[in-house]
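We name chains A, B, ... by the order of the sequence lines, and we start the count at 1 in each one. Values below: every heavy atom of this structure, side chains too, minus hydrogens, waters and symmetry copies.
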Amino acid sequence: MVISPAAGAAEVSFFPALHLRYAAAESRLIAALDASAGVAHLRASHARLVRLGLSGSSFLVSKLLRRLAELGVPMDPYPRLAFSQVPHPNAFLWTALIRGYAVLGPFQEALSHYTLMRRAEAPPLSFTFSALFKSCGAARCLDSGAQVHAQTILLGGFDADLFVQNTLVDMYVKCDHLPSARRVFDGMCARDIISWTSMIVAYSRSGDMGSAEMLFERAPVKDMVAWTAMVSGFAQNARPRDALTVFRRMQEEGIEADDVTLVGVISACAQLGAIGEARWVCDILQKMGLQKNVVVGSALVDMFGKCGLIGEARQAFEAVEEKNVYTYSAMIVALAAHGQAKDAIKLFEQMVEKTQVKPNRVTFIGVLTACSHAGMVEKGRLYFNSMEDKYGIFPSPDHYACVVDLLGRAGLLREAFELVNSMPGEAHGGVWGALLGACRIHVNVEIAEVAANALFELEPDSIGNYVLLSNIYAHAGMWDKVSHVRKLMRGKGLRKNPGCCFVEAKDGAIHEFFAGDMSHPRTREIKAALEELLDRLRLAGYVPNMSCVVRDVSDEEKRSLLKGHSEKLALAFGLLTTEAGETIRIIKNLRVCDDCHAVMCLASSVTERKIIIRDNLRFHHFQAGGCSCGGFW
DNA sequence: GTAGGGTTAG
């Protein structure tokens, strides 16, 4: 329908002249506020508002506040000032102000303005409560949230509003108070997909994916967000296979996926560390054109790093235009894990000098581990000291663990030990573990015993600590102590994890090898290939390192046990199943022993192959007789 | 208008 200008004019001519002018100015201002591209535009519109004497209009100012909050303009001083110029703010304006604080903080201001609003006798809206719950959730302030909840019940009506209930559930979820969330959810007489999704997330956050799954199945409709909540839930709860299964189901059901979904998928692939899956997800991303997205890109950097594809990690990093601290940290950590310490540090320097990106605690974990792997003690100390002085980041026990590792590996065991004793706060398992690890490298029984005792208190069931201590005794030739630790382990019902390796074949099949394992269908070929390889290595000067066998048996038996180490079997399998010149990739569940490390170095030169091993902590790139870890592992 | 996202050590 077309309204003629004359008809419109007839309608507005009911208004007095003054009103007409204001009404026209108002509608122009509404349009201007709606269309404002940035803060400068909004400020200009607001200035016009002031000139026209309309800066006291609740309606216009609430519109202004909403737009400013959308743009992330801090509440103080400007939006708050605009609010204070309104003599009689109505409930909508109060709510816009409260919502602004709920989105941008400081969160307690939302609550105190609610109090002021009540004092001004403005009647709260459902919108007001949703803003308050949002702010309590963001502040993770359960007490205030529960108080506001009580208010809604007291005032009546609000607690039955679907919108209010949904934000209420979400508030309890964000405060990690599952029982209250569930109580509200169960009391709802109508639920929409948002209610169901909030509750699914509640269980996923608490680690109870079983209940999350049950709710997901019960939900009458499932949209992309609900499906994504399941994908991310499994990914966040260390169930990458299930995350991928849900994603495949989602695709089968024809539900679209977006960047958030894919981030969950990428994170699952990172945990699997499988190259086949990584390439598959990368194809999907390319089709969707998501590589520039900073969250996707940061997850990608991490995924490629964990899959051993450090070059691809770098490419993913470069593809992100607006890199943030996650992108940089993921790249720095990946470089450190691959032994490219100098590049990690170069990137860090570049970040602090040439960008606005501020490092955080995780960035420093990456920087300190890089220093540690490269043996850069002085540089590490410098960075550690700069954390608080230059960046205002208080070092956590995790950072102390990195520095203890740094000093310990470099042989400064005494200093490392003193640092543990003098650090503020309690040393945790990571700190003592780093010290114990250093004691293994430098065979220091005295400090090892102190560290081990602390660890047995802190982590009584962690098998690795007993194994480490027993290995240190073995290296020192203290066999009676070795058997004592063994007894200790047996008494606790703990059994040593068998060493095992995975090799991902070209068809994506995973081949598994255990120490001394004969179960692979091609065992005979593998053994023959290994013997042949070891013969060639011996000609190149290889001598088995018997100290790697931490059992008191004959040399003959030691030689045989060494040969059966799972990474050697995996290497032989790799040689059998790949072409000349191809890289061999092996994943190992434990640390690589010195003998296997030496074998890999030599083999890389004798066979002219690149060999990449991911152990439980980092990557080793063997090439031309050397390893990227430079002996630090 | 309310629900789903990425980097951490021995």
Would you say the side chain of [Y] lies within less than 4.5 Å of the side chain of [X], judging by non-hydrogen atoms?
{"X": "N360(A)", "Y": "Y328(A)", "value": "no"}
{"X": "F384(A)", "Y": "F364(A)", "value": "no"}
{"X": "L347(A)", "Y": "F317(A)", "value": "yes"}
{"X": "S204(A)", "Y": "M209(A)", "value": "yes"}

Rounded to whole angstrom units, what separation is found between the [atom1] atom of [X] and the [atom2] atom of [N]?
{"X": "L347(A)", "N": "dT7(B)", "atom1": "CG", "atom2": "C1'", "value": "13 Å"}
{"X": "L617(A)", "N": "dG10(B)", "atom1": "CG", "atom2": "C1'", "value": "7 Å"}
{"X": "E459(A)", "N": "dA9(B)", "atom1": "CD", "atom2": "C1'", "value": "12 Å"}
{"X": "D405(A)", "N": "dG10(B)", "atom1": "CG", "atom2": "C1'", "value": "7 Å"}
{"X": "N360(A)", "N": "dT7(B)", "atom1": "CG", "atom2": "P", "value": "12 Å"}
{"X": "H399(A)", "N": "dG10(B)", "atom1": "NE2", "atom2": "C1'", "value": "15 Å"}
{"X": "K306(A)", "N": "dA9(B)", "atom1": "NZ", "atom2": "C1'", "value": "12 Å"}
{"X": "L335(A)", "N": "dT8(B)", "atom1": "CG", "atom2": "C1'", "value": "16 Å"}

> How are the rings of H620(A) and H597(A) set to each other: parallel, tilted or perpendicular (split at 30° and 60°)?
Replying inline: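 The rings of H620(A) and H597(A) stand perpendicular, inter-plane angle above 60°.
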>> Using 30° and 60° as the class boundaries, would you call the ring planes of F348(A) and Y383(A) parallel, tilted or perpendicular?
In response: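 Perpendicular: the ring planes of F348(A) and Y383(A) meet at over 60°.
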Would you classify [X] as touching base, sugar-phosphate or nothing, given that sugar-phosphate means primed atoms plus P, OP1 and OP2, and contacts are heavy atoms under 4.0 Å?
{"X": "R618(A)", "answer": "sugar-phosphate"}
{"X": "L455(A)", "answer": "base"}
{"X": "G297(A)", "answer": "nothing"}
{"X": "K222(A)", "answer": "nothing"}

> Where along nucleotides 1-6 of chain B does protein come under 4.0 Å, by heavy atom, of base (B) or sugar-phosphate alone (S), with - for untouched nucleotides?
Replying inline: BBBBBB
>> Please identify which of these residues, L272(A), I266(A), L309(A), meets the side chain to side chain contact (heavy atoms under 4.5 Å, CB included) condition with M303(A).
In response: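 Exactly one candidate clears the test, I266(A).
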